[in-house]
Amino acid sequence: MTHAPTEGSGAGDRIADPWGARTPYGPEDAWPVRIDTFLDGVAEAQVDRWVHSACVLCSNGCGLDIAVAGGRMVGVRGRAGDRVNRGRLGPKGLFGWQANLAADRLTRPLVREGGALAESDWDTAMDRIVQRSRQQLDTPGPGSIGFYTSGQLFLEEYYTLGVIGKAGLGTPHMDGNTRLCTATAGQALKETFGTDGQPASYTDVDHADTIFHYGHNLAATQTVLWSRVLDRRRGPNPPRLVVVDPRPTPVAQEADVHLAIRPGTNLALLNGLLREIIEHGWIDRAFIDAHTVGFDQLAETVGSYDPERVARICGVPADQVREAARILGTGERLLSTALQGVYQSMGATTAACQVNNLNLVRGMIGRPGCGVLQMNGQPTAQNTRETGADGDLPGFRNWDNEAHIRELAELWNVDPIVIPHWAPPTHAMQIWRYAEQGSIGLLWISATNPAVSLPELPRIRSILASEGLFVVVQDAFLTETAQFADVVLPTAIWGEKTGTFTNTDRTVHLSERAVDPPGEARSDLDIWLDYARRMDFRDRDGKPLISWHDAEGAFEAWKACSRGRPCDYTGLTYERLRDAGGIQWPCNDQHPDGAERLYTDLVFNTDPEVCENYGHDLLSGAVTTATEYKASNPAGRAILKAADYQPPHELPSEDYPLLFTTGRSVYHFHTRTKTGRARQLDQAAPDAWVELSAADAERHGIGEGDLVRVESRRGRVEVLARITGIAEGTVFAPFHYGYFDTGGAEPDGRPRAANELTITEWDPVSKQPYYKVCAVRITKGV
Ligand code: SF4
């Protein structure tokens, strides 16, 4: 059936204009409502019902309703009353839901037979997983089982997985693809403020007089938040805007100062900005003395980063550094945001900490217009980090704090020794290394596609294909990763199941089941509940370890786990979320309607009994011990950490003379598993490309649209060239593109996944891979 699109008010041509019509407003006003609707082939009167939900195609978490007609999804409409988006939806939100209707959804479990995947049934598939799990548990033990999950599932699913892994199996090897996108955000918040959790709120855009976007192309990654910034910029008393990005993104083009930095040099620039602010006395000394520790060391560390030195390292004019610092140093209400330009680059956690430090030395936190958003990439990454599905312990508990372990053991009624806490949790890059070396024999991958998203793909494909590794993949589609699996479990996705999720600014939304999943597909929650039953996980009294049977039961269990912790959900219920839309945590007796921003009392979560970990040495990544941490006596004060800039390890050379960096398109999310199956989004950006400067193009005899080969020491891609205003010496490619729709890299198709080129290296503190810097060469033709 072919549908003609019916676009409601405000939707316009959201492909040509991703941010929609401006609704200007001033600092004392509420952000005006603009309701965006897209119905595919039906008029509004034909919609049978609108089902309460929110968008899961980026971390903005826009409230929306799903339109259902004849038992099928037919469109979406932004929720006017939602605090996050006030009715707006971006291109991914408007069109991305159509992936649910794709003809190639998985509808039955698949098992590997004679080298090929064959359709099967749930009992056969689950029996194979249970049998392999028992084998691994017998010999060599729980440490031979690894889980690699997502930033796209629901809170209830993550928490259930977390309890299975930590209290059922007892494996320390759990992480999410959040390691690739938000591990640094979480870690930088822990290093500075004691625990994860964003200090600021999106409403701080409404009040700020200065906005600082560092490595954060929100025009592509959080289009609705960018609409909010643009609306402030077009209204009375607009905020000043400072942007750091090597590319001339729409955000950079809007800026008052755009620092087109050389990839890999963030820390030198941030140290230089802090030096200027300190040198000019643009600091709040009383705030620093009362509410922080570490200022003297910070001042000493940044002292040698004068603008000329920064200019030499970072490739930006010294006067621009001075002007950016003046803007950041002289406003009254500073909102700073960071994303992958910081998190996926050299010195990631240290650089992200300097973004925190900028606000702290200016005393700008915990009040309207003042704060930090260490943004998340994926829509539900916050929940992966909160619930323990990423290896951290649930409720921001500290693996190195025996009292926190005892709390969990009592809650789950298990022996504390079962809960892995003898070392920091295993991070994803190490889990993959263990799989490569053979010590992990069962790797269970859910709702993510590492065969496109991890660095150095030739290595990842080889690990997935290795003989001794039993791979389970849980997904809605036969992804590039699923093709390697021993068992593939077909899943229900957003709109076909009920659950909650939390966006970057701590807003919790309920997303209800609107339609049935296709065929025999099941929710990830039902799959893990089934696994727990079949494995017969029991508590200390012989009762089932997992006592809940549905999403609301899992949510209630999570609430009990979150009680008293910074991410306290105890004041939330499905009914409240249904009635009120998004509500921010903490929501409890103290904050019955949720908390707009954290740290309004200027007491940070750094007390040793509260904090989520004791931090790290930022240069080496060495863990700080409890004794060392207590000796620094932060006691509720924020921790100003600093370190010297270190250059990237793989720099341009004669053979590989250009710097390679990856990023995102406004039309796609992650590896296009969903957005590549939404007609408008796919047509807007159907194939991979590479961006280079006019000077580099001329030097290599490359013209716009030429097919080029880009090679690193690890692999190559063959894609079309775009000549843009990107900094000379830098080459950019979007990371979204894999091979599900091209027949494979070789021999049938040309290699086009940006991660064929990237390097297996990561930040020593957050363990987030460096996608933003490696050396490549480029040639015309293939
Ligand atoms: S900004 Fe993000 S959450 Fe909002 S509609 Fe776009 S993709 Fe969805």
Side-chain angles (χ1 to χ4, degrees), residues 7-8 10-12 14-15 17-21 23 31 33-38 52-67 73 75-100 151-152 154 181-182 202 205 213 216-231 250-251 337 339-340 373 375-383 493-495 500-511 581-582 664-678 680-682 684-685 736:
E7 292 183 341
R14 198 47 46 78
I15 295 297
D17 176 12
W19 312 292
T23 51
W31 190 25
V33 167
R34 186 194 83 197
I35 300 174
D36 294 341
T37 309
F38 172 61
H52 187 113
S53 183
C55 178
V56 285
L57 288 168
C58 88
S59 65
N60 213 51
C62 297
L64 59 76
D65 291 317
I66 302 169
M73 266 186 212
V76 290
R77 179 179 66 196
R79 291 172 69 86
D82 198 278
R83 62 175 305 280
V84 169
N85 55 322
R86 310 272 289 159
R88 289 162 191 76
L89 296 173
K92 293 191 281 285
L94 279 171
F95 303 123
W97 59 271
Q98 296 167 102
N100 285 58
Q152 298 167 46
F154 289 168
C181 79
T182 71
Y202 289 163
V205 171
H213 293 311
H216 183 197
N217 179 15
L218 67 168
T221 56
Q222 287 104 0
T223 53
V224 169
L225 188 60
W226 180 235
S227 295
R228 197 166 191 152
V229 174
L230 282 178
D231 285 348
V251 180
T337 76
L339 192 63
Q340 310 305 0
L373 290 168
M375 294 298 295
N376 299 339
Q378 295 190 73
T380 71
Q382 193 64 46
N383 303 119
I493 51 178
W494 170 92
T500 56
F501 53 91
T502 307
N503 76 349
T504 300
D505 87 338
R506 296 170 282 101
T507 303
V508 185
H509 280 110
L510 174 67
S511 178
R664 285 142 187 82
S665 155
V666 68
Y667 302 115
H668 286 300
F669 173 70
H670 217 248
T671 60
R672 293 169 61 252
T673 307
K674 288 181 181 170
T675 54
R677 291 176 167 92
Q680 296 85 346
L681 301 172
D682 184 49
H736 308 291

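We count ligands from 1, going down the list as the structure has it; atoms in each ligand are counted the same way.
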Near [X], which atoms of ligand 1 are under 4.0 Å from a heavy atom of that residue?
| X | result |
| --- | --- |
| Gly93 | 5 (S), 8 (Fe) |
| Cys62 | 1 (S), 3 (S), 4 (Fe), 5 (S) |
| Gly61 | 3 (S) |
| Leu57 | 7 (S) |
| Val224 | 1 (S), 4 (Fe) |
| Cys55 | 3 (S), 5 (S), 7 (S), 8 (Fe) |

> So which protein heavy atom does atom 2 (Fe) of ligand 1 come closest to, and at what separation?
Replying inline: Cys58 SG, 2.2 Å
> Which residue owns the protein heavy atom closest to atom 5 (S) of ligand 1, what's the atom, and how far is it?
Replying inline: Gly90 N, 3.3 Å
> Would Ser227 and Arg34 count as a side-chain hydrogen bond (donor to acceptor under 3.5 Å, both in side chains) if you check the C-alpha gap in whole Å, the side-chain angles of each, and the deciding distance to 0.1 Å?
Replying inline: CA-CA 11 Å; Ser227 295; Arg34 186 194 83 197; 4.7 Å; no
>> Angle between ring planes, His736 versus His668, binned at 30° and 60°: parallel, tilted or perpendicular?
In response: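 Rings of His736 and His668: tilted, as their planes differ by 30° to 60°.
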> Do Thr221 and His216 touch side chain to side chain, with heavy atoms closer than 4.5 Å?
Replying inline: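 Side chain of Thr221 against side chain of His216, heavy atoms only: contact under 4.5 Å found.
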> Would you say Thr223 touches ligand 1, if touching means a heavy atom closer than 4.0 Å?
Replying inline: yes
Would the distance check show the side chain of [X] and the main-chain N or O of [Y] forming a donor-acceptor pair, the cut-off being under 3.5 Å?
| X | Y | answer |
| --- | --- | --- |
| Asn100 | Met73 | no |
| Asn503 | Asn60 | yes |
| Asp505 | Tyr202 | yes |

>> Taking the six-membered ring of Trp19 as reference, does the cationic atom of Arg228 (NZ for Lys, CZ for Arg) lie under 6.0 Å from its centre and within 45° of its axis?
In response: no
